[in-house]
Amino acid sequence: MHPDFMISDRDSMTDVEGDDVILLRPEKDDTDSQSCLREVFRRGCREATLVCATGGRIDHMLANLSLLEEAKTLGGHLTILDPYNRVELHQGGRQEFIMPETFPYFSVVPMDAVLEGVTIENAKYELTNGTVTRVGMISTSNEAKPNSRFAVTIERGTALIIFSRDRVL
């Protein structure tokens, strides 16, 4: 693959590729991924997928997960994808999802301390107007039939919808 453009502060790699290269200072307040997301949306993209963004350093993984919210504020949608997970943001209301064949599980992971009015429809473990909290979370490893539609409603709060599969060793 060859990038349309590249953004880097070159603190972890020195090579750059392509004609459209944006060089950042290594000493800055945000991450390269954050700068890249902003540039992608500035250029008119409204759907983006961030890959190779969950392994390694936990601080960067958490910062990358926060980009799901930042993408919404920039007027777009971000998905984070790795071999074992697909992560999307749910900011409230009713959202329908199609259960991917490659991921047998989905979880509703609160970004806020408390999610109120949570309803999960057309899943193995349904919930009606429930409360889901980060402490004592009850919304991990749910299931839906492959390619089927299921819905998650959140009256108050923001969550990650994480599609996942087990790691095969």
Side-chain angles (χ1 to χ4, degrees), residues 28-167:
K28 60 190 178 313
D29 293 330
D30 56 3
T31 65
D32 291 0
S33 296
Q34 190 175 26
S35 295
C36 188
L37 180 76
R38 289 175 180 162
E39 182 66 17
V40 162
F41 287 118
R42 188 191 70 73
R43 291 180 182 217
C45 180
R46 291 297 162 248
E47 288 277 334
T49 301
L50 187 58
V51 295
C52 302
T54 59
R57 290 178 49 181
I58 292 174
D59 56 341
H60 278 267
M61 180 190 69
L62 292 172
N64 288 337
L65 290 172
S66 77
L67 294 178
L68 294 161
E69 287 183 291
E70 186 163 346
K72 289 284 187 187
T73 67
L74 295 171
H77 178 265
L78 176 66
T79 300
I80 295 180
L81 183 65
D82 71 22
Y84 305 102
N85 305 280
R86 187 179 96 194
V87 186
E88 298 186 31
L89 184 69
H90 189 314
Q91 287 190 294
R94 184 177 193 275
Q95 288 187 16
E96 288 192 3
F97 300 90
I98 297 174
M99 192 66 192
E101 276 187 41
T102 55
F103 298 109
Y105 309 108
F106 75 91
S107 298
V108 179
V109 177
M111 296 277 288
D112 295 310
V114 177
L115 302 178
E116 295 177 356
V118 178
T119 299
I120 300 172
E121 305 168 70
N122 199 28
K124 184 173 182 178
Y125 306 107
E126 295 193 340
L127 181 63
T128 303
N129 199 28
T131 299
V132 176
T133 59
R134 278 197 311 246
V135 176
M137 192 176 3
I138 61 166
S139 53
T140 304
S141 296
N142 206 333
E143 300 174 36
K145 292 180 182 172
N147 298 313
S148 70
R149 289 188 179 276
F150 70 94
V152 177
T153 302
I154 301 172
E155 296 296 329
R156 187 172 295 123
T158 299
L160 300 177
I161 305 298
I162 302 175
F163 298 93
S164 59
R165 66 174 164 211
D166 293 321
R167 184 178 239 162

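In this structure, the side chains of Arg86 and Ile80 stay at 4.5 Å or more apart for every pair of heavy atoms. Using a 4.5 Å cut-off on side-chain heavy atoms (C-beta onward), Val132 and Ile138 make contact. Looking at Phe97 and Ile161, their side chains come closer than 4.5 Å, going by heavy atoms from C-beta outward. Contact of the Lys72 side chain with the Leu74 side chain is not registered, since no non-hydrogen atoms from C-beta on lie closer than 4.5 Å. Using a 4.5 Å cut-off on side-chain heavy atoms (C-beta onward), Glu88 and Gln95 make no contact. Proximity of Tyr125 to Ile120: side-chain heavy atoms (C-beta onward) are nowhere separated by under 4.5 Å. Side-chain contact between His77 and Arg46 is absent, with no heavy atoms from C-beta onward closer than 4.5 Å. Side chains of Leu50 and Leu37 form no contact here, defined as non-hydrogen atoms less than 4.5 Å apart.
Of the charged side-chain nitrogens involved, at least one lies within less than 4.0 Å of a carboxylate oxygen, so that Arg42 and Glu39 count as a salt-bridged pair.
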TODO: Please step through side chain to side chain contact (heavy atoms under 4.5 Å, CB included) for the pair Leu89 and Leu160, ending with a clear verdict.
DONE: CA-CA 5 Å; Leu89 184 69; Leu160 300 177; 4.2 Å; yes
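Listed by chain and residue number, Asp30, Glu70 satisfy the side chain to side chain donor-acceptor pair (under 3.5 Å) test with Arg38 (two or more places apart in sequence, or in another chain). Applying the side chain to side chain donor-acceptor pair (under 3.5 Å) rule to Glu126 yields no partners; only residues at least two apart in sequence or on another chain are considered. Arg134 meets the side chain to side chain donor-acceptor pair (under 3.5 Å) test with no other residue; sequence neighbours excluded. A search for side chain to side chain donor-acceptor pair (under 3.5 Å) contacts involving Glu116 returns Arg156, not counting sequence neighbours.
Within 6.0 Å of CZ on Arg165 lie more than 12 heavy atoms contributed by other residues, nucleotides or ligands.
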Determine all donor-acceptor pairs shorter than 3.5 Å in which one atom belongs to a side chain in residues 98-114; sequence neighbours excluded.
from: Glu101; atom 1: OE2; to: Asn147; atom 2: ND2; distance (Å): 2.8
from: Ser107; atom 1: OG; to: Ser141; atom 2: N; distance (Å): 2.9
from: Asp112; atom 1: OD2; to: Thr158; atom 2: N; distance (Å): 2.7

Could you go through residues 52-67 and list every donor-acceptor pair under 3.5 Å that involves a side-chain atom there, pairing it with any protein atom two or more places apart or in another chain?
from: Thr54; atom 1: OG1; to: Asp82; atom 2: OD2; distance (Å): 2.4
from: Arg57; atom 1: NE; to: Asp59; atom 2: OD1; distance (Å): 3.1
from: Arg57; atom 1: NH2; to: Asp59; atom 2: OD2; distance (Å): 2.6
from: Asn64; atom 1: ND2; to: Ala53; atom 2: O; distance (Å): 3.0
from: Asn64; atom 1: ND2; to: His60; atom 2: O; distance (Å): 3.2
from: Ser66; atom 1: OG; to: Ala63; atom 2: O; distance (Å): 2.6

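The structure places CG of Leu115 at 9.0 Å from NE2 of His90, a figure rounded to the nearest 0.5 Å. One finds the OG1 atom of Thr128 at 7.5 Å from the CD atom of Glu121 (value rounded to the nearest 0.5 Å).
Here the closest non-hydrogen pair linking Phe41 and Ala48 is CZ-CB, 4.3 Å.
The backbone N or O of Val118 sits nowhere less than 3.5 Å from a side-chain atom of Thr153 that would complete a donor-acceptor pair.
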